[in-house]
Structures are given as C-alpha cells and as structure tokens.
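Remember, it's a predicted structure, so these values are computed and weren't measured experimentally.
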Amino acid sequence: MSENDSQSNEISVGWNGITDVGRFRTNNEDAFLALNIDAQEVRYLGKDGSASMDGDDFIFAVSDGMGGANAGEFASKIAVDKITELLPKTFHLGAMGLDRRCGQILSELFSRIHEEMVQMGTYYEECRGMGATLSLCWLTPSVMHFGHVGDSRIYYLPKEGEFTQITEDHTHVGYLFRQGKITEYEARTRRDRNILDQALGGNIQRLDPQIGSVVYSPGDRFVLCTDGVTDGISNRRIHSLVAFPPSNMESLNPAERLVYDAKEESGCDNLTCLVLTLE
C-alpha cells in the first residue's frame, strides 16, 4: 500500500457537544464527556473537535441525573467521572484489538458505577435516591461499542441506510412503544414517560445494561442525547436536523441545531447532545 493509499483509508472522528439548562430549570442535571484514550493515558477533549483514529480509541457519553436537592446534578457528574477512573484500568485489552472483550469491560464499568452510587446513597442522606442515566459510545477504528442504561438515547445514521435508535428506553412507556401499543407521539407526551425501570443508582436492585456494537463506515454518524431533546422533537426531526439542516440553522453545528430546536419546542428539561461523524 502506498503512503497516499494509507492516508486515504485513515478514519477520523469529528464531534460536537452541547448542554443547556432549558427554559424552566434553574440547574443542569445533565453532563457529557469526550475522551481520547490509549494504553498509557486518558485525555479530555473539548466540546467540539476532530481527530484521527490512528491507533487510538475515543469515548463519548451523555448522562442525565436525578435526585433531591442537587443530587441529580452530582449523579450525572459521578457517572461520567467514573468512566475516566475505571475504564483505563482494563483498556489495554481493547487497545490490543480484543474487541470481543469490550462488551464485558462496559458491563463491568456500568456495574461499578451503579454500586458506587448505591453506596453513596446509603452513606449520605443528601444522596439518597440519587441516580443517573448513561449512554456511552466506545469508538475503535472499525467498531462502535456501546453501553446504555435509562432513557437517554444513541441513534445511528449510516451514510447509506436508515436512521435508527439503537438503544432501548428503559421505561414502561418505552416497552409499550416497542410492542406497538402506543405511537411515538404518545410515548413522547405521556406523563409517566420518565419513570425509569433501569438506572445507575437510585432504587434499582438489579442492573441490566444494554450492551452492543455497530460496525461503521466513513460518512456514518451517531447521535447521543438526553431525554430533554427527545421530549421536544421526534426521531424524524432529529434525522432531518442532522442530515438536512434548514437554511436558518446552517451556521449551527448538528448538536446545536438539535438542542436549539428541542428547546424551542419544549425546553421543560435540561438538554444535552453529542453528534459524532466518521470521515
């Protein structure tokens, strides 16, 4: 292979992230994370950027906290901070190309975060009932591995193919929608839509995270967002804003477009979004 061929086959990832308190809340219980990681170190990334995936992996995650007082805000921060603490200890397995172990590593990661939140809720009264959603993408040079708990979401938008929600909402309303018993609009507007069956911490006795992987190609995109975005706009609208921005939003990056539009439509909750583009 020539040097030019090698450069043309190199995969890079671009990302845009944004979080917004919304129109009615006074504090932001959402958080997001962007990391570059290898066998030696973890590097925090800015909210916007791009980088080559030549030998490195990338972690992107969104989290929505819940709990009394400021516990919700604290919970989402714990969820993303623990990723940087726990993941590097087992990362060398992924760095050596052992992709089959990535799912196991993510399962262990979610379990450890869950246990720590439960313990804090036991020891500290102000943290009682504290919990969080977590939707995480682990990008290797050819595969995106994901872990998910709660009702934040990960969408996959292939360059050629259908826009798909690859995570399941861990709610009774989400179950009813998957069974075809209610419409997407009903799922977005029912009053009980935010009652979680699965979360990190809280009163969940048995954690059962969704773990999976997607083989991606150049030109594909992934969207990670909290429920403040999906409460405001439909899946079809999310797809449209990412792939076909209207003229009045061309100056905004994809994450900004989603949060801006969802805030205009609803804005009742905090809104957080990460959009990843493989090039």
Quiz prompt | Derivation of the side chain to side chain contact (heavy atoms under 4.5 Å, CB included) call for Leu136 and Leu109 | solution = CA-CA 11 Å; Leu136 179 151; Leu109 174 69; 4.1 Å; yes

Quiz item: Quick one: CD1 on Ile78 to CG on Leu200, what's the gap to the nearest 0.5 Å?
Solution: 10.5 Å

Quiz item: Are Ile166 and Phe177 connected in a single hydrophobic cluster, I mean Ile/Leu/Val/Met/Phe/Trp/Tyr linked by side-chain heavy atoms less than 4.5 Å apart?
Solution: no

Self-check item: Nearest heavy-atom neighbours spanning Ala51 and Phe58
Solution: CB-CZ, 3.8 Å

Quiz prompt | Connected via hydrophobic side-chain network under 4.5 Å: Leu274 and Val21 | solution = no

Practice problem: Would you indicate whether the side-chain heavy atoms of Asp269 and Asp64 approach each other to under 4.5 Å? | Solution: yes

Quiz item: Hey, what else clusters with Val223 if you join Ile, Leu, Val, Met, Phe, Trp, Tyr whenever side-chain heavy atoms sit under 4.5 Å?
Solution: Ile18, Tyr155, Leu157, Phe163, Val229, Ile233, Ile238, Leu241, Val242, Met249, Leu252, Leu258, Val259, Tyr260, Leu271, Val275

Quiz item: Under the 3.5 angstrom rule, does the side chain of Ser266 hit a backbone N or O of Lys263 as a donor-acceptor pair?
Solution: no

Quiz item: Would Ile113 and Val118 show up in the same hydrophobic cluster when neighbours are defined by side-chain heavy atoms closer than 4.5 Å?
Solution: no

Self-check item: Rounded distance [0.5 Å steps], CG in Asn36 versus CG in Asp56
Solution: 4.5 Å

Quiz item: Is there a side-chain contact between Leu278 and Met144 (heavy atoms, below 4.5 Å)?
Solution: no

Quiz item: Ser63 and Ala79: which non-hydrogen atoms are nearest, and at how many Å?
Solution: OG-CB, 3.6 Å

Quiz item: Is the shortest heavy-atom distance from the side chain of Tyr175 to the side chain of Asp197 under 4.5 Å?
Solution: no

Self-check item: Same cluster (ILVMFWY, side-chain, under 4.5 Å), Leu276 and Val214
Solution: yes

Self-check item: Point-to-point distance, once rounded to the nearest 0.5 Å, from OG of Ser234 to CZ of Arg188
Solution: 5.5 Å

Quiz item: Hey, are the side chains of Leu207 and Phe110 touching, using non-hydrogen atoms and a 4.5 Å cut-off?
Solution: yes

Self-check item: Nearest heavy atoms of Asn235 and Glu184, plus distance in Å
Solution: N-OE2, 2.8 Å

Quiz item: Side chains of Gln165 and Thr230: does their closest heavy-atom pair fall under 4.5 Å?
Solution: no

Practice problem: For residues Ala75 and Gly65, report the shortest heavy-atom separation together with the two atoms involved. | Solution: CB-CA, 4.3 Å

Quiz prompt | Connected via hydrophobic side-chain network under 4.5 Å: Ile204 and Met66 | solution = no

Exercise. Any chance you could measure Gln104, atom CD, to His145, atom NE2, to the nearest 0.5 Å?
Key: 13.0 Å

Quiz item: Between His114 and Gly201, is there a donor-acceptor pair closer than 3.5 Å when you use the side chain of the first and the backbone of the second?
Solution: yes

Quiz item: Any side-chain donor paired with an acceptor under 3.5 Å for Ser135 and Ser152?
Solution: no

Quiz item: Can you tell me if CD on Glu162 sees more than 12 non-hydrogen neighbours from other groups inside 6.0 Å?
Solution: no

Practice problem: Could you go through the side chain to side chain contact (heavy atoms under 4.5 Å, CB included) check for Tyr216 and Arg221 one step at a time? | Solution: CA-CA 9 Å; Tyr216 64 79; Arg221 293 186 179 103; over 6 Å; no

Quiz item: CG of Leu106 to CD of Gln210: how many Å apart, nearest 0.5 Å?
Solution: 12.0 Å

Quiz item: Looking at side-chain heavy atoms only, is the closest gap between Val149 and Pro209 below 4.5 Å?
Solution: yes

Self-check item: Phe24, CZ: over 12 other non-hydrogen atoms inside 6.0 angstrom
Solution: yes

Quiz prompt | Option passing side-chain hydrogen bond (donor to acceptor under 3.5 Å, both in side chains) with Asp169 (candidates Gln198, His148, Arg153) | solution = Arg153

Quiz item: Just wondering, do Tyr44 and Leu35 contact through their side chains at under 4.5 Å, heavy atoms?
Solution: yes

Quiz item: So, for Ser213 and Val143, which heavy atoms are closest and what is the spacing to 0.1 Å?
Solution: CB-CG1, 3.8 Å

Exercise. State plainly whether the residues Arg193 and Asp231 are in salt-bridge range, i.e. N to O under 4.0 Å.
Key: yes

Quiz item: By ring-ring contact (aromatic ring centres under 6.0 Å, His included), which residues pair with Phe32, not counting sequence neighbours?
Solution: none

Exercise. Taking only Lys NZ, Arg NE, NH1 and NH2, and the carboxylate oxygens of Asp or Glu, determine whether Arg25 and Asp30 approach each other closer than 4.0 Å.
Key: no

Quiz item: Any donor and acceptor pair, going by atom type alone, linking the side chain of Thr226 with main-chain N or O of Thr272 inside 3.5 Å?
Solution: yes

Practice problem: Answer yes or no: is there a side-chain heavy-atom contact under 4.5 Å between Thr19 and Asn270? | Solution: no

Self-check item: Nearest heavy-atom neighbours spanning Glu279 and Pro218
Solution: C-CB, 4.3 Å

Quiz item: Has the side chain of Ser111 got a donor or acceptor atom that lies under 3.5 Å from a matching backbone atom of Ser107?
Solution: yes

Practice problem: Please work out whether the ring planes of Phe222 and Tyr156 are parallel, tilted or perpendicular, with thresholds of 30° and 60°. | Solution: parallel

Quiz item: How long is the gap from CZ on Phe74 to CE on Met120, to the nearest 0.5 Å?
Solution: 3.5 Å

Quiz item: Is it the case that more than 12 heavy atoms not belonging to Asn203 sit under 6.0 Å from its CG atom?
Solution: no

